[in-house]
Amino acid sequence: MLDPALLREHLDDVRARLETRSDEHNADLDRLMKADRERRAILPELETNRRARKLVGEQVARARKAGENGGKLAELMQTGQEHGAVIKALETRLGSVEEERDACAHTLPNLPHASVPVGSSEADNVEIRRHGEPPRFDFDPRPHWELGPALGIIDFERAVRMAAARFAVLTGTGARLARALINFMLDLHTGEHAYTEIEPPFLANAAALTGTGNLPKFEQDLFKVAGDWDLYLIPTAEVPLCNLHRKEILDGRLLPARYVAYTPCFRSEAGSYGKDVRGLIRQHQFDKVELVAYAAPETSWDVHEELTLHAEEVLKRLGLPYRTVLLCTGDMGFAASKTYDIEVWLPGHDAYREISSCSNTEAFQARRAGIRFRRDGKGKPEHVHTLNGSGVAVGRALVAILENCQQRDGSVVIPEVLRGYMGGLEVIEPVR
RNA sequence: GGAGGGAUGGCCGAGCGGUCGAAGGCGGCGGUCUUGAAAACCGUUAGCGGGGAAACUCGCUCCAGGGUUCAAAUCCCUGUCCCUCCGCCA
C-alpha cells in the first residue's frame, strides 16, 4: 500500500513513477483519490452528529436523575433518535467508500526506488557484478533433466502419476542432496549471518497474504485449500515471515530483526504453460530457504545490500558461478521498491537463470500488514521497512550443482561444503 | 466431534446499561529525597482518523462483525481465538 499522504500531496509524481512499471494504473489511482475525497467529506458530518448524539445522551441521563419523565424527556429522546438515523446512514456510506478506497489501494503496486533503471522487460535489467567463471567442458554438458534420472536421483514420471505434471520426486542421494543444501544454508545464515531460524505454518490465511501483496491481485497464482477454510498453501516463506509481526509495534532498538526459514513453496504457475516445461526449474512445489529482515527506514537500504550478499555467499561457498542483476521497473514484483536477482550459471541452459530475488519493499508491506516500531522503544509508532530474499532456492541450486559439477562419465562432484551433510560422499555415480 | 468457561490499556485485573478511554496494581518515564543507588513519596504513561502553525480540539477504539437503545466495555445474535472436561489422534 502506498503512503496516503504522498498520494494526496504528490499525485502527479506518483502517477509518473507508477507509469514506469508494466501495467496501467491510472484508473485505480483516480478511483482511489475519489474515494479518499468522499471519505474526507463524510467524516466531519458524521462526527458532528455523533457528538450531538452523545450530548443528548448525557442530557437524558441528567434529566432522569433529576426525576424528569415528562414531555421534556420524550423530546430529548426524539432528537437523539434523529441523530441516530443520520449517523446510521452516514456510516453505511462511509463503509462502502472505505471499502472502495481499500480495494483500490490494495491493487496499486509499490513505487520503484529512484535508483531503479526504467525499462519494460528483462532486457533492461542491469548487471551489477559477476562471480566465478562458467565451467568449460571438453564434452557436451547435459541438462539436469537428463542427468537426474540417469543418476537415479530425480524421478519425473512417478511424480506425475501420484500428483501431476510439474511435480518431481527426489530419491536416495537426490533427496539427501536437497536436505544437505537446506541444512547448509540454514547453518550459514543462522551461524554466520545472525538470522533467527523459524519453522512457520506452510498454509496462510487471506489476511496474511494481503499483507505481503499476494492478495487480492494474484489469487490465481496460489493453491487454495478446499472446503470451509480461509487458507492457501504458501507461495514462499516470505508470507509467514513477513506476517510474524503483523499488527505489532516493535521495539526499534531490536531492529534490524532477521529471520530465516526453510519451507516448501507452492505455486499454481497458471499462465506459464510452455515455459520451462522440462526439469526442476518451474515446479508447482519447490523447497526454498528464505531470508526476511525488518529494518528502520534509514538503515533498510544497507540491510538490502547486506541481505543480497548473504544470499550470494551461498553460491560462493558452493562454487557456483553467478551474476547479480538489478531489475528494471518493468520486471519488478508488485511489492518491491528495488530488487536484485541473483542468477546462477546453468550449462544445460547455456544461460544465467534466477536462483534468488532480494527485495526491499520499504513500508509497502508494513502498511498493509500494520507492522510498526517505536524508536528507542517509545514515541510515535512508524512503519518498518520489510525486506526479503531467497537464500536460496533449493531445487534450482540442486540443478546448478548437477549441471556445473558434471563429469564426462555422467557423475557429479559434490561441492566440498556439502560433503559433511552427505556422509562424506564426494561423487554421485550414474546408475549402471 | 460433545459439554462448559473466557477474551478489557505494555502486563495483571476491576467494571456487568448513563458523565467510563475505563478503578487498582505491576512495569516504563520524569521528579523529590540521597555522595550515589535502593526504598518511600509525587507526577506521568494507548492506538487510529479528522481539524489546527502550535497549544490544543473533535470523533472512533474494552477480540471481530452485526443488532437492541436517547445512550453499550456492560444486553442480544454471529464469527474467531483461548482455557477445562469427555471422545478421537501423530
Side-chain angles (χ1 to χ4, degrees), chain A residues 1-9 32-106 199-211 215 225 227-232 240 243-255 257 363 366-384:
Chain A
M1 207 154 68
L2 300 175
D3 181 359
L6 189 72
L7 283 166
R8 280 181 208 129
E9 285 152 36
L32 173 63
M33 297 319 288
K34 181 165 175 276
D36 187 56
R37 275 194 303 274
E38 283 179 29
R39 174 175 173 276
R40 287 150 72 84
I42 294 168
L43 230 41
E45 203 186 339
L46 216 207
E47 288 184 7
T48 310
N49 275 279
R50 287 212 267 234
R51 170 117 190 100
R53 178 181 67 178
K54 196 174 177 179
L55 292 175
V56 169
E58 281 167 20
Q59 283 175 298
V60 171
R62 245 171 304 159
R64 274 220 151 136
K65 216 167 184 178
E68 183 87 46
N69 58 7
K72 186 98 183 278
L73 196 65
E75 203 177 296
L76 276 173
M77 287 179 165
Q78 174 66 32
T79 58
Q81 210 164 30
E82 282 158 16
H83 286 305
V86 174
I87 288 165
K88 190 169 274 184
L90 288 173
E91 278 177 344
T92 306
R93 259 181 67 205
L94 184 69
S96 62
V97 164
E98 286 187 339
E99 201 175 299
E100 163 84 357
R101 178 192 65 163
D102 294 345
C104 294
H106 280 147
E199 191 192 294
F202 298 163
L203 280 74
N205 59 34
L209 285 153
T210 304
L215 288 179
V225 173
D228 198 15
W229 292 99
D230 174 35
L231 288 172
Y232 300 78
N243 280 282
L244 201 59
H245 296 300
R246 194 164 78 85
K247 303 221 175 211
E248 288 183 28
I249 300 175
L250 305 172
D251 184 336
R253 289 169 297 194
L254 272 34
L255 298 178
R367 239 176 257 120
R368 291 175 156 244
I371 312 165
R372 291 169 297 167
F373 75 104
R374 283 188 227 268
R375 282 169 200 282
D376 302 322
K378 47 187 182 179
K380 272 271 165 206
E382 300 170 54
H383 287 108
V384 297

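All values reported here derive from a predicted model rather than from experimental measurement.
- Comparing the same atom, C1', in B/rA72 and in B/rG67 gives a spacing of 11 Å after rounding to whole Å.
- With a cut-off of 3.5 Å on both pairing distances, B/rA37 has no Watson-Crick or G-U wobble partner at all.
- Contacts of A/Arg367 with the nucleic acid, taken as non-hydrogen atoms under 4.0 Å apart, are absent.
- Between the CD1 atom of A/Ile87 and the P atom of B/rC58 there is a distance of 17 Å, given to the nearest Å.
- The number of heavy-atom neighbours closer than 6.0 Å to CD of A/Glu75, taken from other residues, nucleotides and ligands shown, is 12 or below.
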What string of B, S and - do you get for nucleotides 60-70 of chain B 5' to 3' if you count protein non-hydrogen atoms under 4.0 Å? S-------S-B

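- At a threshold of 4.0 Å, the pair A/Lys34-A/Glu38 counts as salt-bridged, since one of the basic side-chain nitrogens sits closer than that to a carboxylate oxygen.
- Distance check, rounded to the nearest 0.5 Å: OG1 of A/Thr210 to CG of A/Leu215 gives 4.5 Å.
- When all heavy atoms of A/Arg246 and A/Asn243 are compared, the pair lying nearest together is CD-OD1, 2.8 Å.
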Check the pair A/Asp36, A/Arg8 against salt bridge (charged side-chain N to carboxylate O under 4.0 Å, His left out), reporting the backbone distance first and the verdict last. CA-CA 9 Å; A/Asp36 187 56; A/Arg8 280 181 208 129; 2.8 Å; yes

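- Taking the C1' atoms as reference points, B/rA64 lies 14 Å from B/rA73, given to the whole Å.
- The distance between atom CZ of A/Arg253 and atom P of B/rG28, rounded to the nearest whole Å, is 12 Å.
- Taking only side-chain nitrogens and oxygens, A/Arg372 comes nearer than 4.0 Å to OP1 or OP2 of B/rC48.
- For A/Asp230 against A/Ala206, the heavy-atom pair with the smallest separation is OD1-CB, 3.3 Å.
- Pairing partner, B/rC75: B/rG67, with both Watson-Crick or wobble hydrogen-bond distances short of 3.5 Å.
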Can you list the steps and then say if A/Arg39 with A/Glu98 is a salt bridge (charged side-chain N to carboxylate O under 4.0 Å, His left out)? CA-CA 7 Å; A/Arg39 174 175 173 276; A/Glu98 286 187 339; 2.8 Å; yes

Is there a salt bridge (charged side-chain N to carboxylate O under 4.0 Å, His left out) between A/Arg50 and A/Glu91? Walk through the geometry before answering. CA-CA 11 Å; A/Arg50 287 212 267 234; A/Glu91 278 177 344; 2.8 Å; yes

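- Under the Watson-Crick and G-U wobble criteria, each requiring two contacts below 3.5 Å, nucleotide B/rG59 is paired to B/rC48.
- Only the C1' atoms considered, B/rA23 is 15 Å distant from B/rC16, to the nearest whole Å.
- Rounded to a whole angstrom, the distance from the C1' atom of B/rU68 to that of B/rC77 is 11 Å.
- The separation of B/rG13 from B/rG18, taken at their P atoms, amounts to 24 Å, rounded to a whole angstrom.
- When the C1' atom is used for both B/rU8 and B/rG24, the distance is 14 Å, rounded to whole Å.
- Rounding to whole angstrom units, CG of residue A/Leu231 and P of B/rU80 are separated by 12 Å.
- B/rU61 has its base syn relative to the sugar, with a glycosidic angle deviating from 0 by at most 90°.
- Summarising the geometry, the separation between CD1 on A/Ile249 and P on B/rA46 is reported as 12 Å, rounded to the nearest angstrom.
- Using C1' as the reference atom, B/rU35 and B/rC29 are 24 Å apart when rounded to the nearest Å.
- Of all heavy-atom pairs spanning A/Arg368 and A/Ala105, the tightest one is NH2-O, 4.4 Å.
- When Watson-Crick and G-U wobble pairs are counted only if both distances are under 3.5 Å, B/rG1 pairs with B/rC86.
- At a non-hydrogen distance threshold of 4.0 Å, nothing from residues 92-102 of chain A comes into contact with RNA chain B.
- Pair check for B/rA54 finds none; no Watson-Crick or G-U wobble contact set falls under 3.5 Å.
- Note: CG (A/Leu73) to P (B/rA71) measures 13 Å, nearest angstrom.
- Spacing between B/rA37 and B/rG50 at atom C1', rounded to whole Å, works out to 47 Å.
- Taking the nucleotide of RNA chain B with the nearest heavy atom to each of A/Glu47 and A/Arg62, the more 5' of the two is matched to A/Arg62.
- Distance, A/Leu43 CG to B/rC48 C1': 11 Å, rounded to whole Å.
- Across all strands shown, B/rG6 is found opposite B/rC81 as a Watson-Crick or G-U wobble partner, with both distances under 3.5 Å.
- Looking at every heavy atom in both residues, A/Leu76 comes nearest to A/Val56 through O-CG1, 3.3 Å.
- The two residues A/Ala35 and A/Val97 make their nearest non-hydrogen contact at O-CG1, 3.2 Å.
- Atom CD in A/Glu382 sits about 16 Å away from atom C1' in B/rC48, given to the nearest Å.
- Under the Watson-Crick or G-U wobble criterion, with both distances below 3.5 Å, B/rA22 has no partner in any strand shown.
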